[in-house]
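Whatever order the structure lists ligands and atoms in, that order sets their numbers, starting from 1. Nothing here was measured: the structure is a model prediction, and the numbers come from that model. Any value given below was found using the heavy atoms of this structure, including those in side chains, with hydrogens, waters and symmetry copies removed.
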Amino acid sequence: MQQGHQSILILDFGSQYTQLIARRIREQGVYCEIRPCNESPPSAVPAGTIGLVLSGGPASVYDDDAPPFDDGWLALDLPVLGICYGMQMLARADGGQVARAEAREYGRADVDVLDDDGLFAGVSPRTEVWMSHGDHVEEPPPGWRVLASSRNCPVAAMASADGRRVALQFHPEVTHTPEGVTLVRNFLTGMCGARGDWTMGSFVDEQVARVREMVGEGHVLCAMSGGVDSAVTAALLHRAIGPQLHCVFVDNGVLRKGERKQVAEEFSELDLRVVDARDRFLDALAGVEDPERKRKVIGRVFIEVFEEEAAELKDRVGEISWLAQGTLYPDVIESVSFRGPSATIKSHHNVGGLPERMRMSLIEPLRELFKDEVRLLGLELGLHADRVYRQPFPGPGLAVRILGEVTRARVALLQEVDAVVDEEIRSAGLYRDIWQSFAVLLPVQSVGVMGDARTYEQAAVLRAVHSTDGMTARIVRLPWPLLERISTRIINEVRGVNRVCYDISSKPPATIEWE
Ligand code: XMP
């Protein structure tokens, strides 16, 4: 909970859009938190809490195993917004009728606004919305009034007699509901009295004070990967405790071209130790072809190297009590959701096992933020926009993009290919619109012809995907001239590659990385 800020609580009934609700609320400068729907209500309204949102969810209020909900939440008498399933629960709780629909309504719909006071103030009389529901409210509870309706859904929005509870059958949080932002804003400012006191500037000041208080005279160790999260974590901690922060960047030999140099230059103000452990990693990877074994080898060597560095640092500065980690809010929500963490498809490499082994306490200054807030925070802290908007890069690096054995020669080859892709995507102005764009090296050779000579060289694959969280992805329809330019440049400039393919698989069923 953010002390001193107004706050909205969102109860999560399992909707795929719950995090989007939180995003829309925070974009209005209002702090909010997501809680699992089975959490017990507090006995009194927590300090600063100004409203409650009940999310959508996949269940039907009639299901025997419908998610549990304690009416005590409603007894708090906060302004409430119910969305989809949340609306149906509000209807049931107050004596309305919810009906099972014969067919699910999914997709775009037009609703007519019947009451443009309050929640719908400023919304067009007929507005486009996004529906995704099976059940719907057939009869609003006694005294409630219908605010909007669509052809398939006569009660598309409703409000209680006193106007303290409102409910929407459609999803205001998705971009397919263009005026959804207005609805969210009306709820926040009109019904909850939100002042919009949540800004990145205030976040920095508060976190700096909090970190200083937590750490005192102690020392903090931070593993920098070059990614956005660890970079922003380090920058924030540096602002708070300056020389008591010690960063370690490990060159594991499977980084992108130029990455080590860039990090060393960009963070030269920090106490940053750049460890050249290329040989250790690449020796350990020799002969390893299995993707999961590659990850395990890299994870193990990373921990060894990091522990050695920590020991050396201890000799230099004394006891180190804290380990900084760039954990973000979506990771925190995943672990508190009543659905539990989702299944592991690939074992991701991070510094997760370290704190227990090293007997350090964790410091996670980003654990209340979403990714785009972290980027804003990075800019606020003066980080370079290229760092802040860097595409995600997996911990095991190019090792999971080199199919088959990872050798020094193959790493060098892929670095060159990848550098061409990176440069071309950036100069086409597409880098920030794309979730990830990169190259993969295949373990096959194919025949080509260059000049008058036959070649028999490696094949590389270009991959570019759009995604919001890496869980699903669709391919980017790169313009043909750009694809041709990338292919021509790679084949002409990188000796050893004579064929370039474009990966056109979505996730699922393919994953983003090839291994
Ligand atoms: P996949 O390949 O599972 O990737 O579709 C989803 C997202 O996760 C990244 N990724 C990793 N990140 N360690 C990481 O830190 C890993 O082992 C790893 N494997 C995949 C991938 O780049 C994509 O953004």
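Using a 4.0 angstrom heavy-atom cutoff, Trp435 counts as in contact with ligand 1.
The shortest N or O to N or O distance between Arg401 and ligand 1 is not under 3.5 Å. By the 3.5 Å distance cut-off applied to N or O atoms, Ile512 is counted among the residues near ligand 1.
Counting only residues at least two apart or in different chains, ring-ring contact (aromatic ring centres under 6.0 Å, His included) contacts with residues 370-427 comprise Tyr329-Phe370.
Judged by distance alone, the side chains of His246 and Glu309 never bring a donor and an acceptor atom under 3.5 Å apart. Between the side chains of Thr233 and Ser230, no donor N or O sits under 3.5 Å from an acceptor N or O.
Remark: side-chain polar atoms of Ser7 are not paired, donor with acceptor, to backbone N or O of Cys32 under 3.5 angstrom. Side chain of Gln28 to main chain of Val184: no donor-acceptor pair is present (N/O by atom type, distance under 3.5 Å, no hydrogens or angles). A distance-only check finds no donor-acceptor pair linking the side chain of Lys507 to the backbone of Arg474 [under 3.5 Å].
Ligand 1 places these atoms under 4.0 Å from at least one heavy atom of Pro396: 13 (N), 16 (C), 17 (O). Those atoms of ligand 1 that come under 4.0 Å of a heavy atom in Gly470, given as number and element, are 6 (C). Against a heavy-atom cut-off of under 4.0 Å, Gly395 is close to the following atoms of ligand 1: 12 (N), 13 (N), 14 (C), 15 (O). Every atom of ligand 1 with a heavy atom of Lys507 under 4.0 Å away is listed here by number and element: 1 (P), 3 (O), 5 (O), 6 (C).
Using a 4.5 Å heavy-atom cutoff, the side chains of Glu416 and Glu493 are not in contact.
Checking Ser225, Pro392, Pro394 against atom 12 (N) of ligand 1, the nearest heavy atom belongs to Pro394.
Of all the heavy atoms of Arg295, the ones lying under 4.0 Å from any atom of ligand 1 belong exclusively to the side chain.
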